[in-house]
Amino acid sequence: MAPGSVCWVERRYARAGRALLLACACALALVACGSGGVQKVGMVRVDATDGTNVVRLSRAVSAALPDKTAVELPASSRWLRVGALPQGDVYRSADAPFTLPGRRDEACMVVSSGKLLGVYLPGDSLFMPLSRPVALPVSMRQ
């Protein structure tokens with residue numbers, strides 16, 4: 001084989017290798033986007049003084065984040081709608097600060113279509129989805 005044709009073959013394999021590497025990187029990025037993990041999001045605030053934005057849980061709710069962190073919402077707790085995310089409405093505890101085990105910052109519940117979807121950490125602007133959504137036992141809206 002002539003020296004010029006060897007160089008041409010090497011360039012062709014180098015291009016194919018780069019294309020394969022780019023395809024793998026794109027596939028990895030798509031998997032990461034669809035994983036449903038912790039997401040940095042911005043909350044749109046709503047008028048919290050409106051009385052229709054308060055819900056009361058009729059019983060305790062237990063759920064878990066993918067990392068096995070427990071999410072416990074007490075029975076008869078009142079929650080005030082304070083904002084919205086692309087994932088759902090954001091409710092802050094009206095009774096006592098709600099925190100996750102191992103964290104000091106306040107957390108809020110994220111609800112859509114009557115289900116608890118995850119928690120929102122306002123201090124970090126992070127949405128943390130639950131392992132699986134949980135139906136909320138809402139006894140009344142005030």
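- No side-chain heavy atom of Val55 sits under 4.5 Å from any side-chain heavy atom of Arg78.
- Residues Met109 and Val90 fail the side-chain proximity criterion, which asks for heavy atoms closer than 4.5 Å.
- Across every non-hydrogen atom of Leu65 and Pro129, the tightest pair is CD2-O, 3.4 Å.
- For Arg92 against Val82, the heavy-atom pair with the smallest separation is CB-CG1, 3.9 Å.
- To the nearest 0.5 Å, atom OH of residue Tyr91 and atom CG of residue Leu116 are 11.5 Å apart.
- The minimum heavy-atom distance linking Thr99 with Asp105 is given by the pair CG2-O, 3.5 Å.
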Item to check | Verdict with reasoning, Ser93 to Asp95, per side-chain hydrogen bond (donor to acceptor under 3.5 Å, both in side chains) | outcome: CA-CA 6 Å; Ser93 175; Asp95 302 321; 4.9 Å; no
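- Side-chain atoms of Val134 and Lys115, non-hydrogen and from C-beta on, never get closer than 4.5 Å to each other.
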Item to check | Derivation of the side-chain contact (heavy atoms from CB on, under 4.5 Å) call for Val138 and Arg56 | outcome: CA-CA 6 Å; Val138 177; Arg56 182 183 304 270; over 6 Å; no
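- Closest non-hydrogen pair, Ala70 versus Leu100, comes out as O-CD2, 4.3 Å.
- For the atom pair Ser131 OG and Lys68 NZ, the distance stands at 5.5 Å (nearest 0.5 Å).
- The two residues Phe127 and Leu85 have their closest heavy-atom pair at CD1-CD1, 4.1 Å.
- By the side chain to side chain donor-acceptor pair (under 3.5 Å) test, Asp124 pairs with no residue at all, sequence neighbours left out.
- The two residues Ala60 and Ala75 come nearest to each other via the heavy atoms N-CB, 3.4 Å.
- Counting heavy atoms from C-beta outward, Leu126 and Lys40 have side chains that approach closer than 4.5 Å.
- Residues forming a side chain to side chain donor-acceptor pair (under 3.5 Å) with Ser62 (at least two apart in sequence, or on another chain): Glu72.
- Contact annotation: the side chain of Val110 never approaches that of Val119 to less than 4.5 Å [non-hydrogen atoms, C-beta and beyond].
- Counting only residues at least two apart or on different chains, the ring pair (Phe, Tyr, Trp, His ring centres under 6.0 Å) pairs with a member in residues 93-126 are Trp79-Phe98.
- In this structure the side chain of Leu117 never reaches within 4.5 angstrom of the side chain of Val111, judged on heavy atoms.
- Rounding to the nearest 0.5 Å gives a distance of 9.5 Å between CG of Asp89 and OG of Ser113.
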